[in-house]
Colleague: 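The following block contains the structure, expressed as structure tokens.
Just so you know, these numbers come straight off a predicted model, no measurement behind them.
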Amino acid sequence: MYKSLIRTTLSLVICCMFAQSSLADGKKNLDASVYDGWKSIDRGYVISNDASFVSYVIKPQKGDTYLYLYNVKTESLDSIPRGKSPVFSQSNEFIAFRVAAQADSIRALKLKKTKKDKMPKDSLFIRTLSSGETKTVANLNKWSAPKKGGDWLAYMLEKEVKKKEEKKDTAQVEKKEDKKEEKDKKKDKKKSFKSKGKPLVFYRPVTGDSLYIEKVKHYSLADNGSAAYIVQSVGDTTEVSKVLKFNPQSFTVDTLFKQIGKIEKLASAFDGAQCAFLFSPDTADTKVYRLYHMGMKMKSPQMIVDTMHASMPVEWSVRTKGSLNFSENGQRLFFDAGKRPAEEPKDTLTADEKMHVDIWNWKDLDIQPMQKKNLRREKDPTYTFVYHIKKKRIVQLEDKDLKSVEVLAKGNSNIAIGNDNTPYRWARTYSGKWTSDVYKIDVLTGEKTLLVKDQSGEGDISEDGQWGVYYQPTDGQYYSVNVKSGTHQLISKGTSVSFADELHDTPNDARAYGVVGFSTDKKSVLVYDRYDIWKLDLSGKTQAICLTQEQGRKNTTEYRYVKLDKEEKYIDLNQELLLKTFNDVNKQSGYSTLKSQKLGEIMMGDYSVYTPMKAKDADVLLWRKSTYKEYAELQVSDLKFNNSKVISNTNPQQKNYVWGDIKLVDWVASDGLTHQGLLITPENLDPNKKYPMVSYFYERYSDNLHGYRSPAPSRSTVNWNFYASNGYVIFVPDVFYRDGDPGLCAYEAIVSGCLAMADRHDFIDRENMGIQGQSWGGYQVAHLVTRTNLFKAGMAGAPVSNMTSAYGGIRWGSGMSRQFQYEKTQSRIGGTLWEKTNKYIENSPVFFAPQVETPLLMMHNDNDGAVPWYQGIEYYMALRRLQKPVWMLVYNDEEHNLTRRANSKDLSIRMMQFFNHYLKGEPMPVWMHDGVPAVKKGKDYGYDLVE
């Protein structure tokens, strides 16, 4: 017989699965019904330039959002249901945001299989901040406002605003005439052109000025708000394209260009004085475009690149798939060009006459799966050119080897930087290094000069393009390069510290802690070591200086610079700098100041702080901090974090539920080293009671002591708060690794840690301990159960079970070979399969399957792009053959971690049922006891418990 937890629907399971127990303090255990309503603050929160208003959006995991508008001066708070994506105008005069349709309405329409174009559209709300008046615009397609100025905005509608048409009387006509008229209409319909343009409206909220323009295909706003350009698609029998210029002062438009043909891409200069677009007069489906430009003193746009140009290779043309933009100073126009599009040749073969074969050649720079992943980009590549407007000269900046060229100083510099990875791509398969040769490109001539060869470390280049700085992993030092002369200089010599990651534990070169930025005097660069900030002389003539006086290393505290001005190009060392701080022993964090090499602590405590946001024109900060129990609410304060006011209240319902307590723990592991970890216990812990413990791990998590975790369906791992609320202890140990022994290192850290916790705390039931991990953590679970019977149950998500077969496999998400992972990175074997055969076998759980006695639940999805699905199958089939208790959940078309919420809820239910059975002695569910045959898939979930 079955003890039924559900009768008909999944919703009943979710409600009943984890029965809420009323406790003495009135709190309830978290259950699956809380998931949907548990909220978070969307990352797109904003503060007005004058710091008068703050806007933020609180969103549930499922359901409707709420947008909040907080008045900093009056401390009043307004809310708008379903609001999202707020933007303040640069003039501080208005705020605009989207408002979505109700989530329940959308769901109901989806159940009716309503087509996408028939679904309700977002609305635009525009509120004038001084008066509070709000304008609502329905059927919104998109909207935008100038980035750096202006008191207006533009919004595009989904469809034309129809005027009420008067009814007209119609006379009876003969049937013959009706037929003729119908025939003529069909004939005209074939010839007619139907614009795909949409209505565009310019609107000034404070005055109410508006301008309606129909059939708009593209529009581009000048960043400073002085103009906008519009492309209209009109015409009756054929497409006629027009370019209009909008004047915000008069709210009028002027026609600049009108021709039969099609316009794609449109760009406005920063100041609105120039525009550019791509135009083709071709009527065929395959079109070749010309580049047009209109400058300040020109009466109409002029074609600057036609279908052939001396500065471009033969058979090339400008392309719509690339970019089109001006330099910030308006002196240059950047565009993309490539091979001229041509009509596809007529197919002369039938489907069964065509061959389909991939040819893998050992000389290929990229293996076939990687080539397929990059097929769209490589099949029809485009390359960046620059048009020097005053000189009327075109220069090619990119080519087939030198791609992703960046012109410095927002396009204003005469220097561009490009990377060529061609010499290193073949070896990347096993090296795992993304190495490139770095080139300087002269923007005026296109001349390319090698700056740094074989570069895989961190680097940066100054805004003016005079200096480059790069880290060399082979020796752990920083070098400068004078971009003009090409001279290299060691600049970190003589320091007593390492700039390489001191905790690095994979068999490859350690990365640096990073470049902070260049100083305003353009003579030095700031870099991090593990704790402190150093000033390095770019010329290499003077000794490095530790700006934080090595106080970070002395106090095991990291100091990291906070960039409050988004437009900052250089760091002014004469000004007081704001730093984020973090102590890597006790995990406290906070903020400090730095000026003249003197540190001043602002705040430091048992919490985790976020990077603050400063109002552009006021000394006001918007910032957040969290603890394990307290969500990171938004706060407003001055630059010293004084007079701070909490302005959000995201999850007031949390006070009604049992949460968890967390503490930092340490122990001496079997490897002889002191490890740290996290121990999470129910907040209503009874020290005289025994609690089952689940250990979750990946690599190192102890730095996350003060991170808040919302109750949520599992994408792959146990939810710490959820399990603690339901009577579990969670232990999260840090793991240290040695080359060649990843499995053994996991055993040394995790088993010793679990035993140390059980010895230290009588409330931990050492007879009922489990382990859980995903991906690399899943591998460690799969390995641990071959080494020990300490754990009563284990859950492994996407585990590698056979390193010998996985070594030659493919990471299907990227198309890369997996060899690099075992030789150089996370799997840490440190050599090839034929060099270290024994190590591959020793660390492969499948070879030791007969030793497994721990019941094991796996999840391995059939569209996993990181760990091939067959790795889970190999382990499952081995344990099944040996008649070991093993289950594998395979979510169809799902990724490495679950993406569909319904699947996440399902995994949460099954994983807790699994642990509840083995660690709490609860009945086994049907899906574990009898399975769910394929014929019942989607109809019977098997959640019922077997008595």
Colleague: Is the backbone N or O of K595 less than 3.5 Å from a side-chain atom of E576, with the two atoms forming a donor-acceptor pair by type?
Modeller: no
Colleague: Nearest 0.5 angstrom please: S404 OG to E398 CD, how far?
Modeller: 6.5 Å
Colleague: For Y45, which residues count as a ring-ring contact (aromatic ring centres under 6.0 Å, His included) partner, sequence neighbours excluded?
Modeller: none
Colleague: Can you say whether the rings of W316 and F385 are parallel (under 30°), tilted (30 to 60°) or perpendicular (over 60°)?
Modeller: perpendicular
Colleague: Could you list the residues that satisfy salt bridge (Lys or Arg N to Asp or Glu O under 4.0 Å) with E315, not counting sequence neighbours?
Modeller: R340
Colleague: Run the ring-ring contact (aromatic ring centres under 6.0 Å, His included) test against F94 and tell me which residues pass, sequence neighbours left out.
Modeller: none
Colleague: How long is the gap from CD1 on I533 to CD on E558, to the nearest 0.5 Å?
Modeller: 11.0 Å
Colleague: Determine, for F582 and R560, whether the Lys NZ or Arg CZ falls below 6.0 Å from the six-membered ring centre while staying within 45 degrees of the axis.
Modeller: no
Colleague: List in chain and number order the residues that pass ring-ring contact (aromatic ring centres under 6.0 Å, His included) with F257, two or more places apart in sequence or in another chain; answer none if no residue qualifies.
Modeller: F277, F279, Y292
Colleague: Taking the inter-plane angle between the rings of Y479 and Y470 on a 0 to 90° scale, is it parallel (under 30°), tilted (30 to 60°) or perpendicular (over 60°)?
Modeller: parallel
Colleague: With respect to L578, which candidate in L564, L639, T611 satisfies the side-chain contact (heavy atoms from CB on, under 4.5 Å) definition?
Modeller: L564
Colleague: List the steps and the verdict of salt bridge (charged side-chain N to carboxylate O under 4.0 Å, His left out) for R428 and D366.
Modeller: CA-CA 9 Å; R428 187 169 60 190; D366 296 324; 3.3 Å; yes
Colleague: Using the side chain to side chain donor-acceptor pair (under 3.5 Å) rule, pick out the option among D336, D380, T382 that qualifies with R319.
Modeller: D380
Colleague: Partners of T449 by side chain to side chain donor-acceptor pair (under 3.5 Å), sequence neighbours excluded?
Modeller: none
Colleague: Counting distance only, does the side-chain N/O of E378 pair as donor-acceptor with the main-chain N or O of R376 below 3.5 Å?
Modeller: no
Colleague: What residues, two or more places apart in sequence or in another chain, satisfy side chain to side chain donor-acceptor pair (under 3.5 Å) together with E568?
Modeller: Y561
